[in-house]
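Shown next, in structure tokens, is the structure this report addresses.
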Amino acid sequence: MTTPLNAESAPASTTRSATPIILDSIGYAGMGVREQSPLLDGLNPQQKEAVEYRGQALLIIAGAGSGKTSVLTRRVASLLETRDAWPSQILAITFTNKAAAEMRERVHAILGQASDGMWISTFHSSCVRILRREADKIGLSSTFSIYDSADSRVTLKRIIKALDADTYGFTPGSAGAKISKLKNELADADSYARNANMSDPQEVMFVEIFRQYSARLRAASALDFDDLIGETVYLFRAFPKVAALYRRRFRHLLVDEYQDTNHAQYALVHELTRPVAAELAQEMEDDGVHVRNLRDATGAIPGASLTVVGDSDQSIYAFRGADTRNISGFERDYPGAKVILLEQNYRSTQNILSAANAVIGHNFDRTDKKLWSAGGDGEKIIGYTAYSGHDEAQFVSDEIQVLHSAGMAYRDMAVFYRTNAQTRALEEILVRSATPYRVVGGTKFYERAEIKDALAYLIAVANPVDELALRRILNTPKRGIGPATETGLSSFADDNGLTFRQAMRNSAALGLGPKVTGAILKLAELLDAAALMLVPTRVTGDGVPIGGSNVSEVLEFLLAGSGLLAVLRGSRDPQDEARAENIEELVAQTKDFNKENPDGGLVDFLTQVSLVAAADDLDDASGTVSLMTLHTAKGLEYEAVFLTGVEEGLLPHQMSANEPGGPAEERRLFYVGITRARQRLYLSLAMTRAQFGNINVAMPSRYLQEIPAELIDWKQSPGTANSHGGTQPRALNARREGGFGGFGNSLSGSGNGSTSGSNSAQAGLPPGKPKTEWANKITGTVRDNGALELTAGDRIRHHDFGEGRVNQVTGEGTKRIAHVQFDTAGAKKLLIKIAPIEKI
DNA sequence: TTAAGTTATCTTTTT
DNA sequence: GATAACTTAA
């Protein structure tokens with residue numbers, strides 16, 4: 001190809017400046033001239049510039065809904081169309097496989113076969129691809145295992161137990177978080193130890209944990225998620241010649257969601273875009289690597305061009321080490337970088353955007369950016385305050401039905417929440433109302449125990465030195481190998497310098513019972529036999545071809561040989577039936593994999609499985625409502641969005657309160673949620689929220705106050721919400737007409753919106769604090785029975801359930817719960833503080 | 001060694 | 001309210 005890098009001094013805009021006016025009138029066909037590529041159809045001037053700019057470094061600040069993905073894909077297409085790049089010279093990096101798949105699809109739609117050879121993938125899968133190829137350089141097996149967080153946890157747990165480190169206050173979680181954080185900063189145990197205060201015994205202990213953790217992973221030829229990035233950076237830094245090959249190959253790097261990159265990812269991008277020094281370039285040429293037409297006047301290969309897209313307002317992964325300074329410092333890191341701002345929003349109505357702007361405006365320390373839309377105000381945001389999480393779910397479900405009967409497809413609606421635990425109530429109600437839905441993420445398929453078991457068999461075959469996988473399957477299904485035998489094998493291996501697998505093969509030397517020894521040997525033989533199946537086809541002495549099996553054949557062999565599936569099928573536990581079905585689903589997936597990747601081996605399958613993310617299996621074509629966390633919602637958009645649980649303690653989440661920058665990050669999360677909506681946005685909250693099986697009072701989120709009152713139409717505002725909840729809230733809440741008096745409540749009469757309901761005139765009920773304004777003034781004060789004392793044996797009257805007898809009172813303070821046997825309504829648990837009850 | 005039963009702890013968000 | 005972690009019985 002010709003010299004694409006000259007473009008630096010001759011940006012496309014100048015070469016093409018002859019036809020700016022025509023560009024603006026595109027759409028009326030006939031523009032066969034190359035310069036008026038249809039790639040620019042329907043783009044605004046900033047977007048066009050972002051597509052066409054040719055230079056060393058480009059930063060696109062893309063507000064929510066500003067057409068970022070479209071710009072990015074068209075930019076890739078444009079690079080090819082103008083012959084500034086070959087497909088193989090492009091590396092586009094996203095955060096999720098889903099985003100990568102979408103981009104690949106869109107690029108393919110524009111270019112067809114021309115997109116072959118391009119790398120469009122996540123940070124993690126790009127790194128795996130590189131690392132598998134170069135594994136031997138850094139002392140890894142090319143079939144290295146990838147440990148997910150659960151695997152890391154198990155490993156850390158064993159280490160902590162062996163070191164008695166829990167006496168120093170270490171848990172697998174705390175140690176893991178700290179190690180992850182350090183790895184994201186590209187530190188290892190040694191570099192950390194150099195700067196640590198080693199007179200602090202806790203620090204000494206941590207360093208030891210870190211060391212052993214690294215050692216175990218190494219011994220198992222395994223990498224955790226953080227290592228995938230870190231080791232790639234290490235590889236490039238330690239082996240300049242290897243790095244040079246990739247720098248030569250990838251001439252155009254595009255990184256999406258740049259605001260969410262952590263230091264390691266930043267460093268990786270930096271390594272990939274560095275120039276190759278003249279001497280090294282010469283060496284490569286001498287080695288027969290084709291680099292001549294890439295070299296500049298000095299003989300060096302200039303750094304690849306870099307395009308990053310981001311929006312610091314949507315940075316929601318600081319907890320994972322994301323550093324927005326990567327984006328704010330971009331112009332410093334890449335001098336001469338071009339910055340393009342995309343502010344026009346093509347997604348949402350102005351009302352939604354105004355709410356979003358107002359909310360995010362409360363974050364200080366940000367460059368002001370105002371999203372605007374030419375699409376009109378649209379509907380108001382709907383607010384709803386429910387009595388309980390269940391009630392809230394019912395509201396969501398009802399509104400979904402309303403939208404659906406008004407013609408909106410289920411797939412255009414989504415329900416968001418802060419924590420995965422919130423799905424339970426939603427699912428319950430959606431099932432009951434026969435609403436088709438799917439939970440995106442959450443307890444993922446591949447995290448199920450039985451799936452991890454089956455995969456562990458495959459991993460043990462692919463990577464025989466992986467002790468973790470072996471120990472997982474050692475007694476799964478049960479074959480009489482207990483923990484004692486397991487540790488025995490492990491220390492036997494350590495003492496004799498063997499791997500766990502070798503120890504298994506030599507287990508006869510341990511002097512265990514014949515039954516146990518037999519079981520161990522049988523497992524070892526099974527795995528060995530499976531490994532042989534994978535060796536490429538060859539012919540035995542008597543002419544029988546063997547080997548060359550694909551993934552599903554090996555998996556089926558292992559399942560049959562181990563009895564894993566048979567045991568589940570024969571079990572009397574009804575849940576095991578579902579487990580067996582899951583394993584069969586896994587088998588089906590391996591068959592699909594074989595079909596889609598005829599050349600793909602076992603390791604490829606395992607890699608794919610290890611790196612699938614929550615949002616990945618999101619199938620837009622399925623006609624279902626999507627349920628997901630706010631985090632997985634990033635990058636997606638829906639006609640209607642239900643943002644649930646907008647409460648203090650949930651959004652912002654309790655845990656964020658103590659973290660520096662926590663509340664601001666939570667606000668961005670809220671902002672991300674709001675900006676996913678195209679037409680309709682619903683904000684809902686509950687006055688009580690169940691967690692850990694008991695019920696807590698919840699207060700409206702502080703962020704609600706930040707939205708101008710006139711943008712929200714409260715079907716039931718936090719102030720006026722009555723407390724008719726429980727099992728029959730529908731008829732009572734009377735929200736459809738927007739009024740609250742349907743049940744003889746005297747709310748409007750008293751003018752204070754207190755939640756005392758129709759019982760307010762009766763004695764024994766302390767009046768709620770009078771409230772004055774409600775519209776959107778969130779005070780969080782709800783009914784307060786305050787000091788109402790109840791003891792077992794008391795008779796009470798409930799507004800909805802009638803009279804009953806208190807059996808028991810549990811909990812303390814505001815969380816006291818009365819267990820009541822109602823005369824007609826049955827047994828209920830009530831939160832005394834807010835329940836519409838009185839003593840009689 | 002396993003199965004069954006009991007208790008403690010837990011939850012933020014994810015590649 | 002679910003799961004991991006622990007106890008006890010067989």
Side-chain angles (χ1 to χ4, degrees), chain A residues 93-100 121-128 146-150 152-154 157 161 166 171-173 176-177 180 183-184 223-230 257 260-262 264-265 315-322 416-425 428 440-444 446-447 449 475 477-486 512-513 515-516 519 571-573 575 607 609-616 628-634 645 649-659 662 665-666 668-670 672-673 689-695 829:
Chain A
I93 297 177
T94 61
F95 265 79
T96 63
N97 293 304
K98 152 101 171 133
S121 61
T122 63
F123 269 109
H124 291 86
S125 38
S126 310
C127 287
V128 171
I146 300 169
Y147 280 9
D148 65 14
S149 0
S152 299
R153 234 186 77 92
V154 171
K157 206 160 148 192
K161 196 168 175 194
D166 50 341
T171 63
S180 171
K183 285 188 175 179
N184 285 335
L223 298 177
D224 64 22
F225 282 136
D226 302 314
D227 286 333
L228 295 179
I229 315 288
E257 309 282 15
D260 284 328
T261 50
N262 60 33
Q265 289 160 335
S315 164
I316 54 174
Y317 284 107
F319 72 94
R320 215 168 72 189
F416 299 158
Y417 36 82
R418 177 66 233 269
T419 65
N420 283 306
Q422 286 166 257
T423 51
R424 197 166 302 142
E428 243 171 66
V440 183
T443 26
K444 281 161 252 165
Y446 295 110
E447 282 171 15
N475 197 32
K478 302 266 190 303
R479 37 174 88 86
I481 307 173
T485 312
E486 186 182 330
L512 298 156
K515 245 174 119 178
V516 179
S571 161
R572 288 216 318 279
D573 185 340
Q575 288 194 314
T607 301
V609 166
S610 303
L611 298 177
V612 290
D616 295 345
M628 67 189 84
T629 66
L630 284 165
H631 282 89
T632 45
K634 192 172 71 160
L650 215 45
L651 187 69
H653 196 277
Q654 201 66 53
M655 293 293 151
S656 71
N658 310 320
E659 290 163 19
E665 173 143 324
E666 298 283 308
R668 289 194 293 269
L669 201 48
F670 187 45
V672 165
R689 179 77 57 185
Q691 61 175 351
F692 307 140
N694 49 20
I695 302 160
K829 285 190 242 178

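Reminder, nothing fancy here: chain letters follow the sequence lines and each chain counts from 1. Just so you know, these numbers use all the heavy atoms, side chains as well, and skip hydrogens, waters and symmetry mates.
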Flag the pair [X] / [Y] as yes when at least one side-chain heavy-atom distance between them is below 4.5 Å, and no otherwise.
X      : Y      : result
A:F225 : A:L611 : yes
A:M655 : A:F319 : no
A:Y147 : A:V154 : no

**Prompt:** OP1, OP2 of B:dT15 versus side-chain N and O of A:S149: anything below 4.0 Å?
**Reply:**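 Looking at the OP1 and OP2 atoms of B:dT15, neither is under 4.0 Å from any side-chain N or O of A:S149.
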**Message:** For a quick test of reading the model: is some side-chain N or O of A:T632 closer than 4.0 Å to OP1 or OP2 of B:dT13?
**Reply:**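 For B:dT13, neither OP1 nor OP2 has a side-chain N or O of A:T632 closer than 4.0 Å.
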Rounded to whole Å, how long is the line connecting atom [atom1] of [X] with atom [atom2] of [N]?
X      : N      : atom1 : atom2 : answer
A:K478 : B:dT2  : NZ    : P     : 7 Å
A:K161 : C:dC6  : NZ    : P     : 7 Å
A:H631 : B:dT15 : NE2   : P     : 11 Å
A:E428 : C:dA2  : CD    : C1'   : 14 Å
A:F416 : B:dT12 : CZ    : C1'   : 17 Å
A:R424 : C:dG1  : CZ    : P     : 7 Å
A:F670 : B:dT13 : CZ    : C1'   : 16 Å
A:N420 : C:dA2  : CG    : C1'   : 14 Å

Name the nucleic acid region contacted by [X], choosing base, sugar-phosphate or nothing; use a 4.0 angstrom heavy-atom cut-off, strictly under.
X      : value
A:F123 : nothing
A:T485 : sugar-phosphate
A:N475 : sugar-phosphate

**Message:** In terms of relative ring orientation, are A:F95 and A:F123 parallel, tilted or perpendicular, with 30° and 60° separating the classes?
**Reply:**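 Answer is perpendicular, since the angle exceeds 60°.
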**Message:** Go nucleotide by nucleotide along DNA chain B from the 5' end; which of A:M655 and A:G480 gets its closest nucleotide reached first?
**Reply:**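 Nearest nucleotide further toward 5': that of A:G480.
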**Item:** A:S656 or A:T122, whichever maps to the more 5' nucleotide of DNA chain B
**Value:**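 Per heavy-atom nearest nucleotide, the more 5' residue is A:S656.
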**Prompt:** Do we see A:Y317 stacking on the base of B:dT14, given a limit of 5.5 Å between centres and 30° between planes?
**Reply:**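 The ring of A:Y317 is not stacked on B:dT14.
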**Message:** Among residues at least two apart in sequence or on other chains, which ones pass side-chain hydrogen bond (donor to acceptor under 3.5 Å, both in side chains) with A:S656?
**Reply:**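 With neighbours one apart ignored, the set is empty.
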**Integer angstrom distance from the C1' of C:dA4 to that of B:dT13** =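 Here C:dA4 and B:dT13 have their C1' atoms 22 Å from each other.
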